[in-house]
Amino acid sequence: MILKRLVVQNFGPFALPTHIEIEPDITIITGQNDVGKSSLLRLIELVCNGNNLNQDDVNVDRIQDSALPWQDDEEINCICTFEVDENHRKYLRKYNPELESGSEVDYRFFLAPNKKGNTSPIGARNSDGTNRPHNGVIAKTPNVLSLPLVNEMGSTINFRELNQLEKDFLLLTFGQNSSIKLGNLNGINLTREIRKAAERFTIKAKEVLPPSLGFEFVFDRLSGSENLQLIIGLRDRFEGDTALHLRGSGIRKIVTLLTALLLHSNPEENTIILFDEPENSLHANSQHLLRAFLEELAKNQKIQVIYATHSPSMINPMFPQKIRLLERTHREGKATTQVTNNPLESNFLPVRSSLGVTPSDSLLYAPITII
């Protein structure tokens with residue numbers, strides 16, 4: 001079951017009902033500062049993860065206008081449209097047996113704390129657009145991975161002091177019970193297992209990383225330590241070996257993201273990856289690599305990637321239908337954010353303006369021709 005559409009109202013800067021279309025693979029949210037890009041990602045996380053709504057999440061006009069305390073306000077809600085697949089029995093109870101793969105179902109999610117967890121079915125349509133009766137109960141929503149992560153991969157992993165990211169990394173490289181497994185090895189057997197683990201992780205990485213990145217992982221044991229500590233290094237296409245902490249921040253960030261995303265690269269259930277401003281601290285070239293990485297991940301039919309960005313390097317002009325533009329406006333006497341789901345007029349002019357790309361940027365403002 002994948003997310004196809006949201007209609008949001010009274011949440012964050014969205015004072016009035018606003019709808020946004022979600023692509024089945026990758027959706028790019030852009031716009032100027034303070035228009036609600038992060039709020040939109042948080043909304044999806046609230047709906048799918050069931051996190052608690054805070055007062056700061058509620059639209060300020062709604063707090064002033066409502067006769068109810070915001071904690072009880074049913075008008076703080078979101079209508080979600082999902083496309084069902086052959087596994088929709090996992091997600092829906094009392095579903096209509098006439099719903100086929102590709103059908104759409106609409107649910108209203110109430111977000112206020114005292115209404116939390118309440119949903120109501122609104123409608124359903126078969127893939128041919130035929131309306132169907134719908135009274136199914138939604139049992140679960142797609143899983144959500146929110147990025148960026150708090151921790152960053154370092155060069156040395158101490159098996160006695162592991163954070164969650166390092167545990168995930170060891171799970172990917174050595175499998176279950178890695179500490180016990182490696183603790184029972186010594187000498188050439190330990191050296192061989194560490195070398196084989198680096199080869200396995202490199203193979204996994206190459207499945208999702210763009211070929212232009214061109215590095216391999218090199219692992220070694222830190223000598224002279226009483227307990228097992230693993231050194232992580234990278235070998236570039238020039239055969240140079242460098243400890244991870246000596247590489248640029250962009251490469252370290254990509255390795256960190258690689259670890260998190262590889263755990264979700266072949267999920268058993270539908271997963272939405274939310275990424276707020278992935279370009280932070282990355283060189284433009286690394287941004288292109290990261291964008292290609294996310295596009296590759298989104299080819300998996302069980303993965304949707306939704307990210308908010310300010311950077312032209314994170315927008316692929318070959319896929320303009322994936323761009324969503326957020327803008328502030330004044331409507332019905334209120335300041336509100338609206339979404340343009342197809343902002344492609346005048347050769348990307350609205351998108352370029354929102355990103356601050358001007359004629360003074362020379363080649364950055366050159367005409368774009370899509371063939």
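Every heavy atom of this structure was used, including side-chain atoms; hydrogens, water molecules and symmetry mates were not. None of the values given here were measured: they were computed from a predicted structure.
Residues Asp25 and Phe319 are not in side-chain contact: their nearest non-hydrogen atoms beyond the backbone lie 4.5 Å or more apart. Here the side chains of Gln9 and Thr18 are not in contact, with every heavy-atom distance at 4.5 Å or above. Contact of the Arg125 side chain with the Arg132 side chain is not registered, since no non-hydrogen atoms from C-beta on lie closer than 4.5 Å. A 4.5 Å side-chain heavy-atom check between Ile138 and Phe109 finds at least one atom pair inside the cut-off.
The two atoms that bring Pro113 and Leu53 nearest to each other are CG-O, 3.9 Å, heavy atoms only. When all heavy atoms of Tyr307 and Pro278 are compared, the pair lying nearest together is CD1-CG, 4.1 Å. Considering all non-hydrogen atoms of both residues, Met1 and Tyr91 come closest at CE-CB, 3.6 Å. Considering every non-hydrogen atom in both Phe215 and Lys206, the closest pair reads O-CE, 4.4 Å. Smallest separation of non-hydrogen atoms from Ile76 and Trp70: CD1-O, 3.7 Å. Nearest heavy atoms, Val8 versus Phe11: CG2-CB, 3.7 Å.
Between Phe219 and Phe169, a ring centre-to-centre spacing shorter than 6.0 Å is recorded.
Taken together through direct or relayed side-chain contacts under 4.5 Å among Ile, Leu, Val, Met, Phe, Trp and Tyr, Leu165 and Leu297 form part of one hydrophobic cluster.
The local environment of NE2 in His19 is crowded, with over 12 non-hydrogen atoms from other residues, nucleotides or ligands closer than 6.0 Å.
Separating the CD1 atom in Ile232 from the OG1 atom in Thr242 is a distance of 14.0 Å, to the nearest 0.5 Å. Atom CD of Glu21 and atom OG1 of Thr340 lie 12.5 Å apart (nearest 0.5 Å).
For Glu199, the side-chain hydrogen bond (donor to acceptor under 3.5 Å, both in side chains) partners are Arg195, not counting sequence neighbours.
With a 4.5 Å cut-off between side-chain heavy atoms of Ile, Leu, Val, Met, Phe, Trp and Tyr, the cluster of Ile122 takes in Val7, Ile79.
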